[in-house]
Amino acid sequence: MRKWNKVALSATAVLSLTTLLTACGNKQNSSNGGKTVVSMYMPGDKPKNYSAMIKRVNKELAKKYPDVQLSMKFIGWGDYQQKYNVMVTSGDKYDLAFAQNYAVNAQKGAYADMTQLIKKYASKAYKGVDPAYWKGVKVNGKIYGFPVNGNVYANNAITFNKAYLDKYNIKPGNIKTYADATSAMAKFHAAKPNVAAFAIGQGFKASPRHMDFLLGNGLPFAVDSTGKSTKVFNAYDQPEMQSILKTLHEWYQKGYIPKDAATSNTQYNLQDNTWFSRQETQGPFDYGDTALENASGGKKMVSYAITDSLKSEAQAQVAIWSISKTSQHKKEAMEVLNALNTDPKLLNNITWGLEGQQWHFTDKAKGKIKTTSKYQPGYFIGAWMMGNNDLLYTQNTLSQKKIDQRKESIKKAKEANDLGFIPDTTQYKTEVTNCSNVMSKYLDILNTGTADPVPTIKKMDKELKTAGYDKIQAGLQKQYDKFLAQK
């Protein structure tokens, strides 16, 4: 589960961090034995087998691009967004980075225009990506990021720790909403009150069934992704969202949610028994709970979807690689992206770990593998953030029927009504900043159930109005109406 921490840095700290990143970037962008070193920044912990992994990656990369070498640089999830923002605003000469606030930064001119670079150096990779992604990343008709072809549609789900379900004989039933899970939460909390029944913390966002947040879920502006309504509205004023928040507040009051959830950065690792349930995002490439169980080292889980399955703007922008506008190696950076999205051997030795150590082939011709006892968290990088998931090898326990069902489900999945709509907020930057400041006071206490939602939302809405909510809403509505008229 991705988690973002907001870190307030002093001017001195920002200056120091900028200097550090710039110096680091300059070193990584240097030539290494006649090869161009491409720096690639990403969130997460450095794999324990990184040295062997990157050596194998570069050996494979050299087969097609003998003059290019890749250097991956890892920043912890809790620090990534803040450090990434410093990299972008300082003009650091990094090459590739896992994008944050993609549309906003693209509009600001932080990224290199990839449109022609893709045509020239990654045309094969481009063709392997679902067209919905390209709709979702185009900004004013141009491409500023290369999306990871994976779960182009997905559900948010409540995921249960099966070990606890079995131990306490808890049967969740047919869960379709947060409220449906209340009985299971109550039974577990009564049996084991010192373990988080619903393991959430700072940065958690509640998920309405079919709402898309036009400026990201840190701001309240949303639309109905099914198209039944074409209005731009405040998600927190909607009966569905308020009902969800009331349920979460009830859970919080009864102790199912940790008391410090609004301020806590506690890591509830998948592989540990520190949680009974959590919220996860799952798509067709996850094959149900298979991906989660693999990531946890084999821990069994049971998930229930609580949102709709649509090819959405949000999913199109889940994982995007950008090239810095100041990169001195744009061509080589695009060549790396092309390799990650066309070379199965290169990609799978990152996402499954190393062949011969974390896994081995059972049927090489069919791309079937079996993991070893060394396949454990910390020895691979999540496929969802690396390259074209169509190239991934599959475990020998996964049937061809399930693979065929995955392919068919992607073909049949409908597009959200707002897919391809990227608003331009340049005319109300001040109002967006003001509303963001207001939301920062309320997001965590509302979404973690800490605050009573109805009076808190009334207070928040009053402050949003003063901050310029109406101006933004009117501007977004005008743009959205024009977008729909041109579809």
**Asked** Are a donor atom and an acceptor atom from the side chains of Asn294 and Gln395 found within less than 3.5 Å of each other?
**Response** yes

**Prompt:** Looking just at side-chain N and O atoms, do Thr394 and Lys368 make a donor-acceptor pair shorter than 3.5 Å?
**Reply:** yes

Non-neighbouring partners of [X] that pass side-chain contact (heavy atoms from CB on, under 4.5 Å), sequence neighbours left out:
X      : answer
Lys119 : Gln116
Ser399 : Lys401, Lys402
Lys414 : Leu310
Asn149 : Val129, Asp130, Tyr133, Asn388, Asp390

Donor-acceptor pairs under 3.5 angstrom involving side-chain atoms of residues 138-145: please list them, not counting sequence neighbours.
none

**Item:** Distance in Å, Phe98 CZ paired with Met386 CE, rounded so as to fall on 0.5 Å steps
**Value:**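 Output value for this atom pair is 9.5 Å.
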
Would a line drawn from the ring center of [X] to the ring center of [Y] be shorter than 6.0 Å?
X      : Y      : result
Tyr393 : Trp352 : no
Phe146 : Trp134 : yes
Phe421 : Tyr480 : yes

**Carboxylate-amine/guanidinium contact Lys465 Asp470, below 4.0 Å** =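 Salt bridge: yes.
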
**Message:** Measuring only between side-chain heavy atoms, which start at C-beta, is Asp424 closer than 4.5 Å to Gln479?
**Reply:**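 A side-chain contact exists here, since the closest heavy-atom pair is under 4.5 Å.
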
**Complete:** side-chain hydrogen bond (donor to acceptor under 3.5 Å, both in side chains) filter on Tyr287, not counting sequence neighbours, yields Arg406

